[in-house]
Each structure stands twice: as C-alpha cells, then as structure tokens.
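Everything on this sheet refers to the single structure shown next.
Keep in mind the model is a prediction, meaning the values are calculated, not measured. The chain is numbered in sequence order, starting from 1.
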Amino acid sequence: MVKDLFERIKGDKGPLGKWADKAEGYYVFPKLEGPISNRMSFNGKKVITWSINDYLGLANHPEVLKADGESAATDGLAYPMGARMMSGHTKYHEQLEKECAEFVGKEAAYLVNFGYQGMVSAIDALVSKDDIIVYDVDTHACIIDGVRLHAGKRFVYRHNDIESCEKNLQRATKMAEKTGGGILLVSEGVFGMRGEQGRLKEIVALKEKYNFRLLVDDAHGFGTLGEGGRGTGFEQGVQDGIDVYFATFAKSMAGIGAFFAGDKDVVQYLQYNMRSQMFAKSLPMPMVKGALKRLDLIRTQPELKDKLWEVTNALQSGLRDAGFDLGTTQTCITPVYLKGDIPEAMAMVNDLRENHGVFCSIVVYPVIPKGLIILRLIPTARHTMDDVKETIEAFTAIREKLENGTYKKVAESIMAE
C-alpha cells in the first residue's frame, strides 16, 4: 500500500517546525520594521538591532540609496531580461565582475544571483563523479547541499582541525589515485556561527604535500577582514593559494548577489557550466549598479571598516569582562554561549526584547547541541557605544535570571498552556 506523501509531514514537523505554533512571528520569522539601522522597530517597540549583517552600514548610506533609486527609476527591476547567456548580459555586469576580481586579487570573476544558490551550483560544476571532496564539518548549509549533489566520494574533517584535515586529504589522495580524479577542499574564510576564521594559512601549506584545489566561502570575511576589507585570504596572507574565492553581496555589501573569482580559465568554466546561472534570470540592473557603488565605498571609505572594528572590540571586550563566554571568535561575529533548553531560550529572548530593548538572533538545537543556547550578535558600523553599554547591562540581567531558574519556571508555565 502506498502511503500518502503528506502523512509523515503532518506527524513530524521537524526539530524546529514543532515549535511553530508558539514561535512563529516572534522567535522565528520575526518582523523588524523601519530603516535598516542600529535601532529598528520590533513588536511595536524600538530595539537595539544586533541581527542584521549590514557590517559596514551601507544599507541606508545616502550614496547607496541614490544609486539604487536612480537605477530603479531608469532601468526598472526587470532589466535585463533573460539568463546571462541568452539576453541578460550587460556592460555593467562585466564591469562589476572586473572590479570584484581586481579587488580580491584574482584574474577574473563571475557574478551569481544568490550566494546560497551559487555555492551549491559551483560545487556541482567543479567536480565529477571521479573527484573527491574534502570539507570542514561546520561549513555553511549551502556547501553541505552542494556536497550532497556530488556523485563521487567525499570526506569530512573535524572543524578547523588541521590534523583531521590532513588525514582526510591522505584518504582522498588514495581514493583519487584509484578513480583517476582530483581533489576539491572546501572551507569557509569565516565560520558564520562561531565567528572563527578558517585555518586557510595551514590549509594552503598542505598544498606542498598534497595535490588539491581550494574553494573558500568568504561571505563574512569580505569587507570586514584584510587590507581594505579584501577578505580572509588577505588577512592571513594566502589569497594566492585560494583557487576559487567566493563572496556574497548580502553581508558587507548590504545587497543581493555574489561572485566567484579565480584564474580566467576556471571562472570561464563556471560561467559556462553552472546550471543555476545558465537557466536563471540575470541579476537585475539596480542590484548591479548598486553593487558597483557599494564596492566603490568599501574601497574609498576605510573608516567604515575602522568603525565596525571599534564597535566590535568594545562589544566583545565588554562582554568578556562581564564574564560571558564568546568562544574563540576572531571576527566581528559575536556568539554568546549560555546553557539552557529551547523553552528557556524562548523565555529569555522574550525578556531581552520586551524589557531590555535588545534584539539579537537566537540559535538552538538542531543547529547546535541540545542544552546549549547561542545569542548571536552582529556589530555594524552604525552601532554606538551606548548600544554596546546597554546591551552588556541587559545580558548581565538575563544571565542572572537564566542561572537562578526564573526562565525555567516561565517556560514551564508557557508550555503548560
């Protein structure tokens, strides 16, 4: 007997979906309103906003708004129509690719519509069934999904563990010798949850012993790390050792789109073989011209990155001085580790937002192990020292309630309703 496909879905909504009735619209799918800034409106109240990846504060920069608006008025949101290969190609797409490549020190670059979609498709294009993928266990979901498409063998190494990475490169080498394929190693420049930099310098050094190519997802490093915001490869002095460099416009550029950069022949191969771009509409002109303006501001206004790090250092040092565990972050991403279950986390975040006016992302199981809560803060160039001071005071207050069991009692009451 064939089951109804939806029978399982109705009975098992998933580890996060099972909380939908109590969480949706507040803890998940919340609605932040008003201009993107350090303080926005949530649930009818102004809150300090630490959950927007607008690192350099470009989202509502006057020059950015002007460029976006002028292009929308003259080009519209539809132009260019069609996929790049057919009818969606313009000189501005070419110009943005050229400037992105120059900025990150690569020979060529190729624009993609979305970072997630692009990464999945690029991995699929770069490897064949005879090739082997080696990747960090904590890589972003877009990388995991790209790896899942791979018809060949893949090996995963412990997070940022170079010994584990090398052992898996050894396994991959033996396998590739049998299949006649090559090896693609994938890491992130910055791991978005923990805020740690990928150990790119040590990985690149392994090229002296093993024959592999390196793909780096630098979504959070681009604009925030390295000379002039050129990324984690520049921060660690190994940009030349990165064979395929990826960055998204959705973080420091406060826009939509992304790009891959590398040697011209590799980029051209992606251009002609990435299915997500070959069969998708081109990036709209306001996004392209807007990205050109954003990139220009990153190049010409280094004070934006300086301000970002001034806020970051004040926030992280203040939280650590107050006794909070931030793990091993080496970037602007500021994870605050606490202990508790999902209902406790919900009660705590409600208190934080409603009574202290602080809005940050909450991370719980299954993204992280059970019994652990991460309150994830993203500082930006728009934040102030007052924002930092108020947030540290708020975190100190909620930690006391978490530790003395107040939130556990509140959670039990809520769950009993």
Side-chain angles (χ1 to χ4, degrees), residues 8-32 42-43 45 47-53 136-141 144 158-160 191-196 315-316 318-329 333-379 390-417:
R8 174 186 58 82
I9 295 173
K10 292 175 181 177
D12 180 8
K13 296 182 179 180
L16 288 177
K18 70 180 182 180
W19 300 101
D21 291 342
K22 294 185 181 296
E24 190 167 320
Y26 192 94
Y27 303 101
V28 294
F29 300 103
K31 294 178 283 291
L32 284 167
F42 173 72
N43 211 29
K45 298 179 181 179
V47 290
I48 305 171
T49 311
W50 296 102
S51 61
I52 304 294
N53 288 315
D136 189 298
V137 69
D138 276 3
T139 49
H140 191 270
I144 302 300
R158 292 190 297 272
H159 174 59
N160 258 353
F191 289 88
M193 197 59 60
R194 302 173 189 241
E196 297 166 339
L315 177 67
Q316 293 184 355
L319 285 167
R320 285 194 171 106
D321 288 346
F324 287 96
D325 178 11
L326 307 188
T328 54
T329 181
I333 296 167
T334 306
V336 179
Y337 294 85
L338 299 166
K339 293 181 180 179
D341 295 322
I342 292 177
E344 287 177 273
M346 292 166 66
M348 177 173 61
V349 169
N350 179 271
D351 188 18
L352 190 63
R353 294 175 180 178
E354 297 300 322
N355 300 316
H356 297 280
V358 175
F359 187 104
C360 62
S361 298
I362 173 176
V363 185
V364 292
Y365 177 83
V367 180
I368 55 176
K370 287 183 178 181
L372 188 64
I373 302 167
I374 294 179
L375 297 179
R376 182 171 174 265
L377 292 84
I378 303 293
E390 288 178 38
T391 299
I392 293 170
E393 290 173 352
F395 270 54
T396 301
I398 64 167
R399 178 180 56 189
E400 182 179 347
K401 290 183 181 179
L402 180 66
E403 291 175 349
N404 68 22
T406 298
Y407 294 134
K408 193 174 189 63
K409 293 175 182 176
V410 172
E412 288 172 352
S413 174
I414 293 173
M415 297 307 294
E417 293 177 359

Are the side chain of [X] and the backbone of [Y] linked by a donor-acceptor contact shorter than 3.5 Å?
{"X": "Asn404", "Y": "Glu400", "result": "yes"}
{"X": "Asp136", "Y": "Asn160", "result": "yes"}
{"X": "Tyr407", "Y": "Ala347", "result": "no"}
{"X": "Arg353", "Y": "Cys360", "result": "yes"}
{"X": "Lys45", "Y": "Glu354", "result": "yes"}
{"X": "Thr329", "Y": "Leu326", "result": "no"}

Provide the closest heavy-atom pair for [X] versus [Y] in the form atom of the first, atom of the second, distance.
{"X": "Phe395", "Y": "Leu352", "answer": "CE1-CD2, 4.0 Å"}
{"X": "Met193", "Y": "Ile333", "answer": "O-CG2, 4.0 Å"}
{"X": "His356", "Y": "Ala394", "answer": "CB-CB, 3.6 Å"}
{"X": "Asp325", "Y": "Gly327", "answer": "OD1-N, 2.8 Å"}

Are [X] and [Y] packed together at the side-chain level, in the sense that at least one heavy-atom pair is separated by less than 4.5 angstrom?
{"X": "Trp50", "Y": "Thr334", "value": "no"}
{"X": "Asp351", "Y": "Val349", "value": "no"}
{"X": "Glu344", "Y": "Leu402", "value": "yes"}
{"X": "Phe324", "Y": "Gln316", "value": "no"}
{"X": "Pro30", "Y": "Asn43", "value": "no"}

Exercise. Where do Glu390 and Val358 land on the side-chain contact (heavy atoms from CB on, under 4.5 Å) test, with the steps shown first?
Worked result: CA-CA 8 Å; Glu390 288 178 38; Val358 175; 5.7 Å; no

Exercise. Out of Ile374, Leu372, Ile342, which residue meets the side-chain contact (heavy atoms from CB on, under 4.5 Å) rule with Val364?
Worked result: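 Looking at Ile374, Leu372, Ile342, the match for Val364 under the side-chain contact (heavy atoms from CB on, under 4.5 Å) is Ile342.
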
Exercise. Under the salt bridge (Lys or Arg N to Asp or Glu O under 4.0 Å) criterion, do Lys370 and Asp341 qualify, and how do the steps go?
Worked result: CA-CA 7 Å; Lys370 287 183 178 181; Asp341 295 322; over 6 Å; no

Exercise. Should we count CZ of Arg320 as having more than 12 external heavy atoms under 6.0 Å?
Worked result: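 Correct, the count exceeds 12.
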
From [atom1] ([X]) to [atom2] ([Y]), nearest 0.5 Å:
{"X": "Asp321", "Y": "Ile392", "atom1": "CG", "atom2": "CD1", "value": "8.0 Å"}
{"X": "Met346", "Y": "Ile373", "atom1": "CE", "atom2": "CD1", "value": "11.5 Å"}
{"X": "Asn350", "Y": "Ile398", "atom1": "CG", "atom2": "CD1", "value": "11.5 Å"}
{"X": "Arg399", "Y": "Leu338", "atom1": "CZ", "atom2": "CG", "value": "8.0 Å"}
{"X": "Met348", "Y": "Lys401", "atom1": "CE", "atom2": "NZ", "value": "11.5 Å"}
{"X": "Thr391", "Y": "Leu319", "atom1": "OG1", "atom2": "CG", "value": "8.0 Å"}

For this session: Indicate, with yes or no, if the rings of His159 and Phe191 have centres closer together than 6.0 Å.
Result: yes

Exercise. Do Leu32 and Thr49 pass the side-chain contact (heavy atoms from CB on, under 4.5 Å) test, and can you show the C-alpha distance, the side-chain angles, and the key distance before you say yes or no?
Worked result: CA-CA 9 Å; Leu32 284 167; Thr49 311; 3.8 Å; yes

